[in-house]
Amino acid sequence: MKITILTLFPQMFKGFVEESIIKRAIEKEVVEVKVVDIRDYSLNKHRHVDDTPCGGGAGMVLQVDVCHRAIKDNTNLNSHIVMMTPQGIKYDQKVAQRLAKEEDLVLLCGHYEGFDERIRDYVTEEISIGDYVLTGGEIPAMALADSVIRLLDHAIKEESHLDDSFSTGLLEYPQYTRPIEYENKKVPEVLLNGNHKEIKLFRKKEALRRTYLKRPDLLKDYNFSSEDKKLLDEIIKEEK
Ligand code: ADE
């Protein structure tokens, strides 16, 4: 996959591409990340990319012609172009899984008061990372790119994202490692006995328990097996 990020602040992505799993995914050629400075597409001698709003008002507006040149120069017919904006559809793991299937993903980050409305005609879709407003689309683009890249083949260990919170429809089960006992808090016995069937059942039950206690809204869309139903009944009794 190739991810192109169109931004007015390319330096913000330095840490993103130079650390940890994303850095390794780039080195392993699982993904290519290209960061493009929108300012390079300004025709203005001062490299301005914004202007005052037509009709008056505070702030500045990102110009359509500058953005369109940046988009045209960095896309082809295959590109899936996402505009990062609080007005977009709300991002979640399902959207991440859908975008992870794209070959050529382009993320357009806005700043200032906003985009000229006509820029919307040149993008495939608009995405928001949540109902709050950030100073720009860079952090949302990083959140989106990070969550997509980790889903790509060979970015992380194959089985690592199979039990992710949300991808199973439930929150992830609790994890433990050594020390086995810390300040009187012990790792659950079942995880130490090597019985894989019991461990699997324990993890399923605890994933259900967490979801029931912390995110009961997720259970509305969850496909319960008969075993799940039995486990949830037990949990409800235990938590009373
Ligand atoms: N730009 C500013 N706030 C945003 C948000 N919540 N999601 C996506 N892009 C944004």
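All ligand and atom numbering here is 1-based and tracks the order in the structure. All of these numbers come straight from a predicted model, not from anything done at the bench.
Residue Gln175 qualifies as enclosed at atom CD: its count of foreign heavy atoms under 6.0 Å is above 12.
Contact residues for ligand 1 (protein heavy atom closer than 4.0 angstrom to any ligand atom): Met84, Thr85, Pro86, Ile127, Ser128, Ile129, Gly130, Tyr132, Val133, Leu134, Gly136, Pro140.
Glu138 and Thr7 share a side-chain donor-acceptor pair at under 3.5 Å. Tyr41 and Asp65 share no side-chain donor-acceptor pair at under 3.5 Å. In this structure, a donor-acceptor pair under 3.5 Å is present between the side chains of Asp104 and Ser79. A donor-acceptor contact closer than 3.5 angstrom links the side chains of His80 and Glu125. In the model, Arg98 has no side-chain atom that pairs as donor or acceptor with a side-chain atom of Gln93 under 3.5 Å.
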